Each structure stands twice: as C-alpha cells, then as structure tokens.
Amino acid sequence: MSSSYDYLFKIVVLGEGAVGKTAIVTRFSHGFFRTDYKTTIGSQFAVKNVDIKRDTGNVTVKLQIWDVAGQSRFQILRPMYYRGSSGGLLVFDVTRRRTFIVLEEWLDELHKAINKEIPLVLVANKTDLPDRVVEPSEGHEFADKHGMPYIESSAKTGEGIVDIFQNLAEVLVAQREKGNNY
Ligand code: G3D
Ligand code: MG
C-alpha cells in the first residue's frame, strides 16, 4: 500500500453490538486490519486509502477507521474514541429492529462527545439475510431527517461496502476543499 496521501480523516463506526461493524471494516480493508493495543478496552482501527476524483484531478484519501465496541459496558470509554473524528458510519442490522430504534441514542452520544456535526452515512447492513424487518423506506426517512446518505450493505456479499467509504471520503474532501475545518 502506498503511504502517500492528500488527506487523512478519522472515521468512527457506530452502532449496537453485532450489527456488523467489524465485518464491514474488515471487508473494506481487505485484511489490513490492525488490532490496536486498546482492543482490551474495546476499540481497534484499520487504515485504508481511497482515491477520489476531483475537478482538479485524483486525490488520495487515507481513512483511519475506528471500530468502536458497541456493547453497553464500553459506553463510558467510547467518547474518547470519538474525539477528533471527521466523519462516521451509523450502522444498524436490517433483521433486528432494535438496532434501528437506538440510532438516535448513538447520534446523541456522538454529539455529546464532540460538540459538533460531522458527516455521517447511515448503513443498513445484512441485506443478504432473508428475515429483514426494517424496510428501505424507513432507513431513507431517518437518513433524510438527519441529512445523511443512506446505503444498504452486506459485509457477507460485499454489496455497498466500498460505496460507504467512497461516499464519506468524497463528502469530507469536498468540505475540506471548501475550507471547513472537519
Ligand atoms: P459488531 O462488530 O457490530 O459487533 P460483527 O458485529 O462484525 O462482529 O458481526 C456480528 C455477526 O454478524 C457476525 O456473526 C458476523 O459474521 C455477522 N455479520 C456481519 N455482517 C453481516 C452481513 O452483512 N450479513 C450476514 N449474513 N452476517 C453478517 P457471528 O456468527 O460470527 O457472530
Ligand atoms: Mg465489533
């Protein structure tokens, strides 16, 4: 992997336990999944470059993706992982409604920790499973309400996985180029 890049962003991955956060990050980063020493207290990060097309030519974006433990026992520790994030993924499991209902709580937790709005992508994961209960229209409605894009994914088949990170990287680069300090 090339070590040169034009932009570096920290991304946090939020959502209940077992929605597929680790599976998404692992799938995207093709095995370049680095376990941090902080794993014991519930976090690890992966690093991956994505190329974005701009009017001015291609730019390389390095994403440092923090996979934060979703279990409630780690709640007290999570805010410190949120600090300094430029963007995030809000992930739920389309087969478990509870993971969708609690998304507002994840947003609150993030905003309390960082005191500002950052670009997020709503990720509806596990679309490969037959027992889906949360419909696309519901996901779209939540995403529209919060001004974020909505992407359906399956870490199992790979559907949507690259889109998630490509989309977020494009938004982050566009903001940075406009002079916003994200
Ligand atoms: P988390 O990091 O959010 O806690 P994990 O979730 O990535 O550990 O995933 C939890 C379980 O869901 C795992 O199953 C994982 O394989 C499965 N999973 C994740 N994403 C998908 C998906 O898109 N489709 C399907 N079918 N399964 C998925 P196990 O059995 O290993 O616990
Ligand atoms: Mg995990």
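Sequential numbering from 1 along the given sequence is applied to the chain's residues. Being a predicted model, the structure only gives us computed values, none of them experimental. For ligands, and for the atoms within them, numbers begin at 1 and follow the listed sequence.
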(Q) Let's go through L107 and L90 carefully: what are the C-alpha distance in whole Å and the side-chain angles of both, what is the deciding distance for side-chain contact (heavy atoms from CB on, under 4.5 Å) to 0.1 Å, and is it a yes or a no? (A) CA-CA 8 Å; L107 277 178; L90 197 54; 3.8 Å; yes
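- By the 4.0 Å N-to-carboxylate-O rule, K21 lies too far from E16 to be salt-bridged with it.
- One side chain, E104 or H146, offers a donor N or O that lies under 3.5 Å from an acceptor on the other.
- Near S154, meaning under 4.0 Å from any of its heavy atoms, are these atoms of ligand 1: 23 (O).
- Side chain of K62 to backbone of V47: no donor-acceptor contact under 3.5 angstrom is found.
- Of all atoms in ligand 1, listed by their number and element, those nearer than 4.0 Å to a heavy atom of A23 are 7 (O), 19 (C), 20 (N).
- In summary, K126 and E159 do not engage in a salt bridge, as defined by a charged side-chain N under 4.0 Å from a carboxylate O.
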(Q) If you apply the rule salt bridge (Lys or Arg N to Asp or Glu O under 4.0 Å), what do you find for R132 with E152, and how did you get there? (A) CA-CA 12 Å; R132 174 171 191 153; E152 302 216 326; 2.7 Å; yes
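- Ligand-side atoms of ligand 1 in range of G17: 4 (O), range being under 4.0 angstrom from any heavy atom.
- The heavy atom nearest to atom 11 (C) of ligand 1, considering only K126, E16, R27, E159, is found in K126.
- Counting only non-hydrogen atoms, the option in V19, L129, T22 that gets closest to atom 8 (O) of ligand 1 is T22.
- Ligand-side atoms of ligand 1 in range of A155: 20 (N), 22 (C), 23 (O), range being under 4.0 angstrom from any heavy atom.
- Counting the atoms of ligand 1 from 1 in the order shown, those under 4.0 Å from a heavy atom of K156 are 22 (C), 23 (O), 24 (N), 26 (N).
- With V13 as reference, V91 is the one residue of V91, V123, T22 to meet the side-chain contact (heavy atoms from CB on, under 4.5 Å) rule.
- Considering both main-chain and side-chain atoms, K21 comes within under 3.5 Å of ligand 1 through a nitrogen or oxygen pair.
- By the 4.0 Å heavy-atom criterion, G15 is excluded from the residues contacting ligand 1.
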